[in-house]
Structure formats: structure tokens, C-alpha cells
Amino acid sequence: MPELPEVETVRLGLNRLLPGRTIAAITHDWPKGFPNDEADVRTHALGAKVSSVRRRAKVLMIELDSAYSFVIHLKMTGQLVFRDGTTRFGAGHPNDSLVGELPDKSTRVIFTFTDGSRLFFNDQRKFGWVRLLPTHDVPNSSFLQKVGPEPLEETFSAQDFIARIRRRPKSAIKAVLLDQTIIAGVGNIYADESLFAAKIHPAKPVSEISDNQLTQLYTDLRAILRLSIEKGGSTDRNYVNAEGKRGSYLTFARAFRREGQACDRCGTIIVKTRVAGRGTHYCPVCQVR
DNA sequence: CACTTGACCTGTCCGC
DNA sequence: TGCGGACAGGTCAAGT
């Protein structure tokens, strides 16, 4: 799924497109992913205007002027695509758009605004969800209260990073990067990419990694997350932004999905294994265990 | 308690 | 072309 750069790209798009629009109707065929009381939806969402779109970790929040928010997790295959009726398919760069006419077979929720524009929540694998909560309760909700700091916050220092990573001394470094209670927003792509950049083996236990190496990892992780946001995130298979278009970070990827290709530092073939239960790409020479 | 594994779903790709 | 199995960007609950 969508990791921090992808969710942030969606947020940037939606925050440009949604504020000021008023919700006229919401339809869904999916109680499990839209576990909201219909009366609450009628009272707190219909007729409410979007004030802003925010992000915390990999969670999006569409804030309404009713003091309620739609809180959304895209998980592995979720998409939030906005359409105002002016989209012309096939114009411009056809390969940019992964999404055609909507709704399609993976559309789970449709928000219709009073001006006729619509926001589609698509999710092939149905792991994602859309909840309506009082805005005040969102930070303390079960899925956000234990989440760690945002790695791109200016106040988040290398010392903070190292101290939090060292809370899991025996775990493989990759497992720790993926743990959202340690650091927010890192997933499989950026774990592999940052460990490659910092020349750390993904299965290396934290206790065996020096402070200098962790400082390098901190610097590389932040640079990679920033670069990916600039490139609109990574599209491996499903991911698209708020306009249905793909991201281009993977053309810059040095390890992720590059198994069988040469390492750009030493020429060794990048391998793919399994670490922390996830497909893991690394250079067996540069990233010494 | 710390840490790892399976389950949640649907679709796609790969080998036989 | 068909079929079974492995796998896919995330996160929990349940297991060791």
C-alpha cells in the first residue's frame, strides 16, 4: 500500500480538490469497511462542508465543518480518486492513468458533492476502511494513539530516531522500521530503499548496528521519503493519486523490485528474500550482515 | 513481555 | 487454456 509518500501525495491532491465542497450523498455496499451508523452519517456528514484534508502516519482525515472527520486507511490496495465530470480519458498521457471510468468493480464507497463532483474509494482487496468520527477523538482513536512520530517533522532528530529504534534491540532492523509504533509511515518499499542507501543488511539485529550507521539510516530515510513525495510516490501495481495517476518514484528505486539487476554501487546482483515476513530486496555485498 | 506468524481479501502471475 | 499455489505496498490477533 500506500506508505507515507503515497498517502501524502493523495492528501496533497485531495486538499487541493475537496475543501469548500459540501457532501450531498454517500453510497456504499460494504458494511465491514464502512462501519458507520447511518444516522450519524445523516446528521454529521450529509450537508457538511469539507474544511481540510490531513494525514497522520498512513491515515487520511477528511475534516468536515460539522466537527466530524472521515478517517480513511488505504491499506494495500485502497485508492481515493476525485472526479468532477471534466476528466477526458485518453487525452494527454494515457499511461499516466491507471483508473478509467468510475465507479468500477473495486469501488466500495462514493461521496457525491452538491456540485455533482464525486470522490471514489476503491479497494480491490477490501483491507481498507472509512470511519466517521468526531474530529476531537481522532488522535486518541485505537489506530492512532500508539503511532510513533512522523519521520519528516523538523523536530524529529537523529537522536530521537536512534533512541526509538533501540527499543527493539533483538529484532531485525527491517521489522523495526515497519513497526508503526516506533516510527510512523514506513512500509516495505521505503524500508528496503533506506536500508540499501545506508548499507545495512535488513535482517541485522538492532543491537549489532552502530549509532553511526543508524544516523546514516535516519538521513537516508528522510531524503528518500522527501524524494518520493516529490515524485508523487511509488506505483508498483495499484497505487494512484487523487486524480487516478501513478507515481514515478520506482524509476529511482535502487533495491525494491530490482532483484536480478545489478547493484548501482558494486555491480552485484540484487537478491530477494524474506525478512520480517515480507519480500525483501538488498545487495548481498554492500549490505553486509 | 518481546517477538513472530497467520488471517483478512481479491487478483495476477508462474509453473505444470 | 486450465488449475493450483505463491505472492502482493498493511495491520491486527493469536501464537510461541
Side-chain angles (χ1 to χ4, degrees), chain A residues 1-10 28-35 55-60 71-80 98-99 104-109 121-131 141-148 164-196 202-207 221 224-225 228-229 231-241 246-253 255-260 272-281:
Chain A
M1 141 188 171
E3 307 179 26
L4 188 154
E6 290 74 32
V7 181
E8 179 62 13
T9 300
V10 172
H28 70 96
D29 65 343
W30 183 36
K32 192 168 177 186
F34 192 91
R55 177 190 64 78
R56 172 77 173 101
K58 300 173 190 172
V59 174
L60 281 167
V71 185
I72 301 174
H73 203 307
L74 303 174
K75 289 289 179 82
M76 300 277 254
T77 53
Q79 304 172 330
L80 276 171
L98 266 187
V99 179
D104 65 21
K105 64 191 290 192
S106 72
T107 299
R108 311 297 176 196
V109 185
F121 180 80
N122 294 340
D123 189 4
Q124 178 187 104
R125 289 173 76 179
K126 297 185 176 175
F127 289 165
W129 43 257
V130 177
R131 298 165 202 237
S141 57
S142 58
F143 42 86
L144 279 185
Q145 66 173 354
K146 295 190 322 190
V147 166
R164 297 188 71 88
I165 293 287
R166 292 215 183 280
R167 291 183 184 189
R168 299 273 183 279
K170 289 190 241 176
S171 291
I173 181 64
K174 173 157 177 180
V176 182
L177 285 176
L178 294 175
D179 184 339
Q180 300 299 295
T181 70
I182 302 289
I183 308 294
V186 180
N188 209 35
I189 297 173
Y190 304 104
D192 281 5
E193 288 293 293
S194 60
L195 289 167
F196 176 91
K204 194 163 189 170
V206 167
S207 63
L221 174 62
I224 285 166
L225 293 175
S228 185
I229 292 168
K231 300 300 173 191
S234 297
T235 296
D236 189 23
R237 27 188 88 217
N238 287 274
Y239 168 75
V240 292
N241 69 13
R246 28 192 347 142
S248 67
Y249 175 81
L250 286 188
T251 51
F252 300 86
F256 187 81
R257 284 255 155 174
R258 291 198 68 246
E259 67 270 29
K272 182 175 180 186
T273 57
R274 195 154 277 267
V275 175
R278 316 296 304 278
T280 298
H281 316 72

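Lettering follows sequence order; numbering is per chain, from 1.
- Atom CE in A:M76 sits roughly 14 Å away from atom P in C:dC12 (whole-Å rounding).
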(request) Please lay out, stage by stage, how A:E6 and A:Y190 fare under the test side chain to side chain donor-acceptor pair (under 3.5 Å). (result) CA-CA 11 Å; A:E6 290 74 32; A:Y190 304 104; 2.5 Å; yes
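- Shown here, B:dC16 forms a base pair with C:dG2; the pair counts as Watson-Crick or G-U wobble because both key distances fall under 3.5 Å.
- Computed from coordinates, the A:K126 NZ to C:dG10 C1' distance equals 18 Å when rounded to whole Å.
- To the nearest angstrom, P of C:dC7 lies 5 Å from CZ of A:R274.
- Extent of DNA chain B lying under 4.0 Å from chain A heavy atoms, first and last nucleotide in 5' to 3' order, is B:dC3 to B:dG11.
- Regarding A:R257, its CZ atom lies at a distance of 7 Å from the P atom of C:dA8, rounded to whole Å.
- Contact between the side-chain N/O atoms of A:H73 and the OP1/OP2 oxygens of C:dT11 is found at a separation under 4.0 Å.
- In this structure, the side chains of A:V10 and A:Y239 come closer than 4.5 Å at one or more pairs of heavy atoms.
- The distance from the NZ atom of A:K126 to the CZ atom of A:R108 is 4.5 Å, given to the nearest 0.5 Å.
- Separation of the P atoms belonging to C:dA14 and B:dC9 is 15 Å when rounded to the nearest angstrom.
- Atom CG of A:D192 sits about 6.0 Å away from atom NE2 of A:H281, to the nearest 0.5 Å.
- Rounded to whole angstrom, the span from the CG atom of A:D179 across to the P atom of C:dA13 amounts to 14 Å.
- With hydrogens and angles disregarded, no donor-acceptor distance shorter than 3.5 Å links the side chain of A:Q180 to the backbone of A:G148.
- The OG1 atom of A:T9 sits 9.0 Å away from atom CG of A:L4, with the distance rounded to the nearest 0.5 Å.
- In this model, the phosphate group of C:dG10 is not approached by any side-chain N or O of A:Q180 to a distance below 4.0 Å at OP1 or OP2.
- Counting non-hydrogen atoms under 4.0 angstrom, A:S234 reaches a base of the nucleic acid.
- Using bins of under 30°, 30° to 60° and over 60° for the plane-to-plane angle, the ring pair A:F143/A:W129 lands in the tilted bin.
- Comparing the P positions of C:dT11 and B:dC1 gives an interatomic distance of 23 Å, to the nearest angstrom.
- A donor-acceptor pair under 3.5 Å is absent between the side-chain atoms of A:R246 and the main chain of A:G233, judged by distance alone.
- A:G279 comes within contact range of the sugar-phosphate backbone alone, with a heavy-atom separation under 4.0 Å but no base atom that close.
- Nucleic acid contact class of A:G277 (heavy atoms, under 4.0 Å, all strands): none.
- One interatomic measurement links the two molecules: CG of A:D236 to C1' of C:dC7, which rounds to 11 Å at whole-angstrom precision.
- Taking atom CZ on A:F256 and atom P on C:dG10, their separation rounds to 8 Å, with Å as the unit.
- In this structure, the CZ atom of A:R131 is 13 Å from the P atom of C:dT11, given to the nearest Å.
- At a threshold of 4.0 angstrom between heavy atoms, the contacts of A:N238 include nucleobase atoms, whether or not backbone atoms are also involved.
- At least one side-chain nitrogen or oxygen of A:K272 sits closer than 4.0 Å to the OP1 or OP2 atom of C:dA8.
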